[in-house]
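As C-alpha cells, the structure follows; a few thoughts come after it.
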Amino acid sequence: MRALTSTIRVELDDSLSADERDGIRSQWTDLIADNGHVPSLTVRGSIDTSVAVARSPHEKLIRDEKTIRAATPKELADTLTSEVTLGAIDGLRGEAVMLHAAAVALDDGRVVGLVGPSGRGKTTAARALGSAYAYVTDETLAIRPGGDVLVYPKPLSFGQRPDRKVHRAASELGLRAAPRDGLRLGALALLDRRPGIDRPYVESVPVAEALPLLIPETSYLAELENPLSTLAEVILATGGLRRIVYTEAETLPGLVEEILGTVDERKPSLTPLASQSQRGCDCVKGSVTDPHEVVEAADGTGAHSTYRRTDHTDALLVDDGLLVLRPHEVTVLEGVGPVIWLAADGTSERDLVDAAISELSEPPEDIDAAEVVSAALQQLVDARLLTRR
C-alpha cells in the first residue's frame, strides 16, 4: 500500500481465516497500490492467543521488517493501523510538518486541517465533513515546505478501546476521495469540543499561544531545520491558527467557510535563534555529561556561580516572548525570562541582573531587581533550561 510517501507491504498469515484476512484488507482498500516500488517496511501479522493475558500485541522488529501478534483479529487490525501510520510518518521525518489532525479538501484543492489529540473527535469530524468535502486523513496531516499537502486516507478508526475499535475504509463509508496531487493547506484549526454549545463558533489563536498548543500534536518536529520558525510560518501562511468551539460534529460542514474566512491580521515579530540552539552538544563542555550531574550543578549557589543554557533543539522569539524547544517539550518564557536565558552563557548572577536592567529598564523603587532575577534563575534551573556552576 502507499502510505504518505512510503510503500508498505502487509502480510497476514494463515492464523487468520480467509474471511478475517479479507476483512482487514478491505479496511485498507483506499491505499492499496501496485506501484512496483520496493517496500520501505514489511509488516507481518498473525494471531497468537498466548498474548491475550498481556492484553498488548507482541512485536518484533528486524531492520525494515516488523512482526506483530495479537490475541484477536480486531486487536491485530488496531495494531496494524498504528504500525502502518508509524511507518508512513517515519518515511517523512525531516521533510514535512506532520500534525495529529483530520483534514478535508475543497474542490479547489484547499485543505482544512483539524488538529487535536487522541479522543478529541478528529475521526468523527472527518466523517461528518467527508461527504461534503474530500477526505484527506483522520490522523496524520503532512504539510510540505511551501504548503503542499500529502493525502493519507487511512481507515477511519471509531472507538477508544482497542478491543472495541472499528476500522472502516473511507470509500466504504461513502466519503469523497481526495486527489493525490494539487492539494495545499488552506486553514489550520484546533478542535475544541465542549458540551452545551448551541451556536458553534470560530476564533483566532495568537501565534505565541498557537505554537505551544500545536507542538505536542506534531511528529518528528525536531527533525526539521529551524522547527519552531518552520511551524510558525505554516501557521501564518494560512491566516493563523483557528479554534473551533462546538458540540456536535454535524455542525462542522456549515463552519468550513467561516474557518477559511477567519484570518488573523496580526503579524507578530518572529526572530529565529538557531545560533543559540545546541543540537547534539554538551552545553557545559567538560562538566555536564549526564542529567544527574545537571541536578548536582543546580545545587551550587553563591556570588561566584555562573549560569549557562542547557541543551535544546531550537528557540524562537515571538514578539516579547521566547519559546524554547527541547525533545518532547516546549517552554514559553515571558517578562525577565527571555533576557536571562539569552544572556546566560557562563554568566554571573550579577551580570544577569545588569543585563535585565539594561534590556527592561530600571524597575520601580519597591521592586528589587536582584531578587526578581534570582527567583527567575531558580525557576529556569528547576525547569532545566539553565545550569548553575
Side-chain angles (χ1 to χ4, degrees), residues 3-4 24 27-28 30-31 43 54-57 59 66 68 70 72 74-93 96-104 111-130 135-143 149-170 173 175 188-195 197 205 209-223 231 241-250 252 327-330:
L4 294 176
I24 292 177
Q27 296 170 8
W28 294 92
D30 297 331
L31 281 82
V43 182
R55 302 306 298 172
S56 62
E59 301 177 356
K66 191 158 193 177
I68 56 175
T72 68
K74 284 187 176 181
E75 290 183 8
L76 186 65
D78 187 59
T79 303
L80 179 61
T81 298
S82 297
E83 294 304 329
V84 171
T85 298
L86 290 173
I89 291 172
D90 187 68
L92 262 180
R93 60 193 301 174
V97 172
M98 292 181 283
L99 294 164
H100 305 154
V104 294
V111 171
V112 176
L114 306 172
V115 184
S118 179
R120 183 60 61 86
K122 297 188 299 294
T123 297
T124 305
R127 185 173 187 179
L129 290 161
Y135 172 66
V136 175
T137 186
D138 78 333
E139 174 61 29
T140 299
L141 175 60
I143 308 157
V149 170
L150 299 171
V151 297
Y152 181 41
K154 62 173 282 292
L156 285 82
S157 303
F158 301 96
Q160 297 296 317
R161 293 175 50 183
D163 57 340
R164 293 185 180 179
K165 275 193 174 181
V166 175
H167 306 278
R168 298 180 65 183
L173 294 169
L175 305 188
L188 273 180
L190 285 170
L191 290 174
D192 187 353
R193 191 172 187 178
R194 307 176 187 176
I197 302 298
V205 181
E209 181 184 343
L211 285 166
L213 291 171
L214 288 184
I215 287 170
E217 308 309 328
T218 62
S219 297
Y220 291 126
L221 179 66
E223 300 286 331
L231 182 57
L241 183 68
R242 294 79 159 167
R243 179 186 284 112
I244 309 170
V245 182
Y246 72 107
T247 297
E248 300 298 335
E250 290 73 18
L252 293 176
H328 316 299
E329 185 178 10
V330 64

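The figures here come from the full heavy-atom set of this structure, side chains too, leaving out hydrogens, waters and symmetry mates.
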- Note on the structure: Residues at least two apart in sequence or cross-chain that pass side chain to side chain contact (heavy atoms under 4.5 Å, CB included) with Ala103, listed by chain then number, are Val111, Val136, Thr137, Leu141

- Report the distance from atom CG of Leu231 to atom CG of Leu211, rounding to the nearest 0.5 Å. 5.0 Å

- Task: Could I get the full list of side chain to side chain contact (heavy atoms under 4.5 Å, CB included) partners for Ala77, not counting sequence neighbours?
- Result: Ile24, Gln27, His167

- Query: Short question: side chain of Tyr135, backbone of Leu129 - any donor-acceptor pair under 3.5 Å?
  - Reply: no

- Query: Looking at residues at least two apart in the chain, or sitting in another chain, which of them share a salt bridge (charged side-chain N to carboxylate O under 4.0 Å, His left out) with Lys122?
  - Reply: none

- Derivation of the side-chain contact (heavy atoms from CB on, under 4.5 Å) call for Val84 and Leu31: CA-CA 11 Å; Val84 171; Leu31 281 82; 5.5 Å; no

- Task: For residues Ala125 and Leu191, report the shortest heavy-atom separation together with the two atoms involved.
- Result: CB-CD1, 4.3 Å

- Can you tell me how far CD1 of Ile89 sits from CG of Leu4, rounded to the nearest 0.5 angstrom? 7.5 Å

- Are His100 and Ser118 linked by a side-chain donor-acceptor pair shorter than 3.5 Å? no

- Query: Taking only residues two or more places apart in sequence, or in another chain, which ones meet Asp192 in a salt bridge (charged side-chain N to carboxylate O under 4.0 Å, His left out)?
  - Reply: Arg194, Arg243

- Message: The criterion is side-chain hydrogen bond (donor to acceptor under 3.5 Å, both in side chains); which residues satisfy it with Thr218, sequence neighbours excluded?
- Response: none

- Message: For the backbone of Gly121 and the side chain of Arg193, can you confirm whether one donor and one acceptor N or O come within less than 3.5 Å of each other?
- Response: no

- Task: Measure across Tyr220 and Asp90 and return the closest heavy-atom pair with its distance rounded to 0.1 Å.
- Result: OH-OD1, 3.3 Å

- Message: Going by the rule salt bridge (charged side-chain N to carboxylate O under 4.0 Å, His left out), which residues pair with Glu329 if we only count those two or more places apart in sequence or in a different chain?
- Response: Arg326

- Query: In a check of side-chain contact (heavy atoms from CB on, under 4.5 Å) between Leu190 and each of Leu214, Ile244, Val245, which one passes?
  - Reply: Leu214

- Partners passing salt bridge (charged side-chain N to carboxylate O under 4.0 Å, His left out) against Arg168 (at least two apart in sequence or in another chain): Glu172

- Item | Pairwise distance OG1(Thr140) to NZ(Lys154) - rounded to 0.5 angstrom | 8.0 Å

- Note on the structure: dist Asp78:CG -> Ser157:OG (nearest 0.5 Å) comes out at 7.0 Å

- State, with a plain yes or no, whether a side-chain heavy atom of Tyr152 is found less than 4.5 Å away from one of Leu92. no

- For Thr123, which residues count as a side-chain hydrogen bond (donor to acceptor under 3.5 Å, both in side chains) partner, sequence neighbours excluded? Asp138

- Which residues pass the side chain to side chain contact (heavy atoms under 4.5 Å, CB included) test with Ala249, sequence neighbours left out? Thr124, Ala128, Leu252

- What residues, two or more places apart in sequence or in another chain, satisfy side chain to side chain contact (heavy atoms under 4.5 Å, CB included) together with Pro195? none

- Query: Below 4.5 Å, heavy atoms only, C-beta onward: do Leu156 and Arg127 meet side chain to side chain?
  - Reply: yes

